[in-house]
Amino acid sequence: MNTIFYIAALVALVSTALAISGRNAIHALLFLIVSLLSISVIFFILGAPFIAALEVIVYAGAIMVLFIFVIMMLNVGLEKEMENKWLRPGMWILPSILAFILLIDFLSMLRSMNYREIRGQIILPKQVGISLFTTYLLGVEISAMLLLAGIVGAYHLGRQKKKVIHRFLEKIEETHAEAPDTNL
Amino acid sequence: MILLDLILILLTGGLLAWITGKWSSILPRIISFIAIAIDLLLTLSIFLKQEGFGHTAWLINYRTNWIPSFGISLHLALDGLSLLLLLLTFFLGLLSVLISWKEIRERVGFFHFNILWILAGIAGVFLSMDLFLFYFFWELMLVPMYFLIGIWGHENRTYASYKFFLYTQASGLLMFLSILALYFIHGRNTGIFTFDYQELLGTSMSAPIAFLLMLGFLAAFLVKLPIVPLHNWLPDAHTEAPTAGSVILAGLMLKTGAYGLLRFVIPLFPEASVRFAPAGMILGVIGILYGAKLAFAQTDLKRLVAYTSVSHMGFVMLGVFAFNTIAYQGVVMQIIAHAISTGALFILVGQLQERIHTRDLNLMGGLWKQTPVMGAMGLIFAMASLGLPGLANFVAEFLILTGTFRANILMTCLASIGLVAATIYSLRIVQKVFLGKEATVWKMKDLSIREKIVCGSLVIVVFWLGLFPQPVINTAKPSVIKTLNSIEQVSINQNTNPIP
Amino acid sequence: MVTIPIEIQILFAASLFLLGLIGLLVRRNIIFMLMSIEVMFNSAGLVFIIAGSRWGQTDGQVMFIFILAVAAAEVSVGLALILQMFHHYKTLDADELSKLRDSKNDS
Amino acid sequence: MSPSDFLCLTPVMIIAGAPILMMLTIAFTRNYKVIYGFSLTAFSIAFLSLFFILPAIPCRISTLFIFDQYSILFSGIIILASLLITLLSYDYLLYQESEKEEYFIILFIASLGSLLLVAASNFVTLFLGLEMLSISLYVLIAYRRSRDHSIEAGVKYLILASVSSAFLLFGMGLIYLDTGSLEFDKIVPALSSADHSATLLFTGFGMMMVGIGFKLALVPFHMWTPDVYQGAPVPVTTYIATVSKGAVMALLLRFFFAIRGFQNPGFILIITILAILSMFVGNLLALRQQNIKRILAYSSIANMGYLLVTLLIGNETGIHAAIFYIVSYIITSLGAFGVITLLSDRQNDADKLENYKGLFWKRPWVAIVFTLSLLSLAGIPLTTGFIAKFYIVFTGINSGLWLLVISLIINSVIGLYYYLRVITALFSPANEEKLPPVSLAGHLVLGIVAVGIVWLGVNPEGFLSLIAHFSVL
């Protein structure tokens, strides 16, 4: 089990690093999905099978698909030129130093903790469900309202006011003026 | 209750003047004239029957709760000193309304609102016996003054009004910190948390802390007074303000600083004041000489008069830190005399400017021919300013110098050089403006009846104070003795005698 | 049973968080920034799972579920905003968003 | 949940039910006036219901909420402020693009989030309330999406607020890891156990403060403030300045007192640094601005810095001072931003200094309210801002926080300068520019604000005793 944890952790870190440094948005997203899957493995090892499932279903499944959907819609997945200057090695130095300092901070924090091995208690979905719908029942209601805000907001912001021609079709339209407009 | 009424009349009068200003430009003038006149009459009636009030600590004492959660009360009280200053306030206030009658033609309502609220703030300062209330009024008079300078001022008004506000506000906050510290020290000592002046008197604290707190108070009062390193705002504010603003600034607002020294700094921190006395006197002398020197160097007439204020207020500072009855009587006299004579000079400058639209000394000259009455007035006020015997300032400065002579001979000698300097710059005004060669030919009218009334009343007061100062001295006496008692207490306690 | 030191677990979560932060600071593409934020949220959720397993409580997992809901709502609004942004500016570069300035201090 | 729990939840349920009913109404017919009237009614009823539940408090609902006098007081403040903002929003949105009804739905959800925040006693509710508020604000800020500025402000706020939420979450996770409880009240007892690690707690609290600092716009997490204040529609800016900040500050107060933060030297250090930086940076950056919204944004940074001082006072009077300051800041901001809202026309927000030249001679009443608000922000007597600052200085000196008090005093003087600049513009000679008409609702809001500013400034005693009665944590 321990070995699996370390392997999964390594995979997660590497794929996250690749995701945030990738030039191609689609590829980056795929790396991110790999990372989420390996984190899901870790959740399983830590005794949270329900969360492991949710991580795959909601995070990797729903949210990432939403991302892919938008990227496809905007057709920027293949755009490589945009960030070239930002991906020069020089750009990474300062943020990395900052992050390194934070890492040192975390390490010093961890040193101060009493060395302890986890008991690895498995908490089953049933327990989680009972807790969720008794103690945290109001929390569930509140998240419903929160999602409502998200829905109304996304509806209002996402709607197009006037017809906007898809970038891909713009060129076509220039040559064929009678080409039908396409809504996004 | 009458004390509260004095302030409320001004406040409501101000609001009324503002509102009626929408429909007519005469109504606000009349309303403010009436409001101030009522206050003046009320104060005069108190002044005339002051013997009847008996010899308790205060002539009138009014106290009610305001914000009991913080130990803040609405405590107003009147003694001889406040009474004199109130009379002065309403007298000059009345004159400011009169002199603005023609000068201010725009936004008349709001102008009079500001005048009345400044007067209310000043009256409040002279009456408050609760330190929080005192600070409240102290700040209250700033905002309308800021508007007065900023809206009706001359060319450079915005800069001057900023400078005025920031200087006074910053120093006021230092005083505020001191007030709070005093409050807590007293509260911790006695368990009574209050801002009441009477209660806070005689709060015991260690010498360094007392000194520090005194410096906080001094900051506010010395900026207002003003004393030389802190005087920077004054020439700008005085020069840019409209005439009424200058009169109120020089005649009343500066006096709140002097009043604060007498009322708060010395009674609250007697030991610290004694320790500060040498420095205070030096500052006073520097103020006298430096102010006179700068006054002499000015070509802007209003600026010149402004700097004479710095010089005259140096005498107040000198007298306050001499700690004896004669000097204190002199200080009270100086406060009143300077208010009258400098106020009068500002009024004259205002009248000149109204006629020839300049304040540049080099452009004036030989105006006597056309305006003999104005010239005569100018001569009288200039003489008053230089301290000619028989006029008010002479009595004041003479008393101060006599008093200080007992305390510190060297300082007295240096200060009397200031008198010589005063002669030079005062005569320079008369020489440059009314006598001498005509630099430009101005066509101008002499004083109108309204202006004659204003100047005439000032002349009467200057002569009256110069020839019969006894009523003022009598009225101020209990307060002066009360203030000095706190100092004598210190000398007895210390078993030494710092004051000869 | 697993015996992984809790420090290692936290270190892992912290590293993920920092990777997300680096991504946010370095990338200018708004979609990548949003992805980095997701990484950070996820790592924070991981901390709750670790803590939950340390104390043997369900609270950590419940909190994770709420984080999931919030992340979903945020992403939906965020992506909607990104759509709008793309239609206005025709770019996803965050540096193009620089019109809000004081007129005097333009540089 | 018992019936009395339901009773306690009445105001929250009204605010939560209103947007759903509004959505249903919209499904049948889109009518701006109906939705507007409905919003006003719902806010009013929710406010009245607060009096209704007074006998039932304090009640705890599972471990998530605590409805005590403190949260009722803040609920009242939040609902009233939202009501006034609704009044201001009507005219502002009247000429906007087609869908303006959703604005009120989102406004309700944002207020719901704020209500939950002030009643939160658990990390779960803290997080959910804060996120509900944030997500609603993303939408509200970018609401007028036809304008470039709105989108830019929305995206900026989205990114930075999400990052701050991530920090907040991570910090909460660390504290949970350390103490084993998500409840505020259980944290202090857990600190005495052997498992507790001070560094873990410190790091956790530090990361939480990054998150909360973003929401309160404390330096160095303030970068979004001027841009968002400028780019957002004015009523939304008002909302951010008043309700959002008030609610987050109320939460921080409760949390900080629950964990006894003022006894922990590390926490004190964090708060002190944030407070002093916010005061100085906020005021100094405000000096050079020409845009009124940006000036007020920087001024709000400084004001939050002043407010942080109350956290360290460490006793009841600190809470009183904080509440008084928050209330007076909310009233004052409503006045200042309310004037900006009322002077904004169809195309542009009135956010430039030139828009205000000579306002006093053209619209004396509006200018007076604006002047009062600015003087109150500057802390000049006769206004509530003076008493509020006095209270902080007063309690601060009592607790010996000299460093903070003196920087507050210095900053009051610095701040004075830019407030005076705006006031000077108001009173300078008028230009010819036309001003939009001011509606009755606008006058009503300004009237309430003006009375509030002067009343609390002259006679604060009644309100002070109200606070003393209501601020039992």
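Chain identifiers are assigned alphabetically (A, B, ...) following the order of the sequence lines, protein sequences preceding nucleic acid strands; residue numbering begins at 1 within each chain. For clarity, every value in this text was computed on a predicted model and none was experimentally measured.
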Looking at CG of A/L74 and NE2 of C/H87, how far apart are the two atoms once the value is rounded to the nearest 0.5 Å?
-> 6.5 Å
Identify which part of C/L34 has an atom lying under 4.5 Å from any heavy atom of chain A, answering side chain, backbone, both or neither.
-> both
Below 4.5 Å, heavy atoms only, C-beta onward: do C/L19 and A/L13 meet side chain to side chain?
-> yes
Between A/Y6 and C/P5, which heavy-atom pair has the shortest distance, and what is it?
-> OH-CD, 3.9 Å
Are A/I39 and C/L16 close enough that some pair of their side-chain heavy atoms sits under 4.5 Å apart?
-> yes
On a heavy-atom basis, the closest approach of A/I123 and C/G56 is CD1-C, 4.1 Å
Over all heavy atoms of both residues, which pair between A/A154 and C/S76 is shortest? Give the atoms and the distance, please.
-> CB-O, 3.9 Å
To the nearest 0.5 angstrom, please state how far the CD atom of C/Q84 sits from the CZ atom of A/R159.
-> 10.0 Å
Rounded distance (nearest 0.5 Å) linking atom CG of A/L157 with atom CE of C/M85 | 14.0 Å
Mind running side chain to side chain contact (heavy atoms under 4.5 Å, CB included) on C/I8 and A/F5 for me, showing each step along the way?
-> CA-CA 10 Å; C/I8 299 293; A/F5 175 88; 4.1 Å; yes
Calculate, to the nearest 0.5 Å, the distance between atoms CZ and CZ belonging to C/F64 and A/F43 respectively.
-> 4.0 Å
Out of A/A62, A/G158, A/A149, which one racks up the most heavy-atom pairs below 4.5 Å with chain C?
-> A/G158
Greatest number of non-hydrogen atom pairs under 4.5 angstrom with chain C, of A/V152, A/L66, A/L124, falls to A/L66
Go through the atoms of A/L32 and report whether side chain, backbone, both or neither lie under 4.5 Å from a heavy atom of chain C.
-> side chain
Minimal non-hydrogen separation, A/L132 against C/I65, with atom names = CD2-CD1, 4.1 Å
Where do A/V128 and C/Q61 come nearest, in terms of heavy atoms and distance?
-> CG2-OE1, 3.1 Å
Exercise: identify the closest heavy-atom pair between A/S21 and C/R27 = C-NH1, 3.3 Å
Quiz: residues 137-148 of chain A side-chain donor-acceptor pairs under 3.5 angstrom, not counting sequence neighbours:
residue : atom : partner : partner atom : Å
A/S143  : OG   : A/G139  : O            : 2.6
A/S143  : OG   : A/V140  : O            : 3.1

Name the option with the most non-hydrogen atom pairs under 4.5 Å to chain A; the candidates are C/V75, C/D59, C/N42.
-> C/N42
What residue in C/L81, C/L46, C/V77 has the most heavy-atom pairs under 4.5 Å with chain A?
-> C/L46
Does C/E74 use its side chain to pair, donor to acceptor, with the backbone of A/G150 at less than 3.5 Å?
-> no
With chain A, which of C/I82, C/V70, C/L68 has the greatest number of heavy-atom pairs at distances under 4.5 Å?
-> C/L68
Mind checking the OH-CD spacing from A/Y59 to C/E38? Nearest 0.5 Å is all I need.
-> 4.0 Å
Separation between CD1 (C/I49) and CD1 (A/I42), nearest 0.5 Å, reads 12.0 Å
Interface check, chain C: of A/A48, A/A12, A/S35, most non-hydrogen pairs under 4.5 Å belong to A/A48
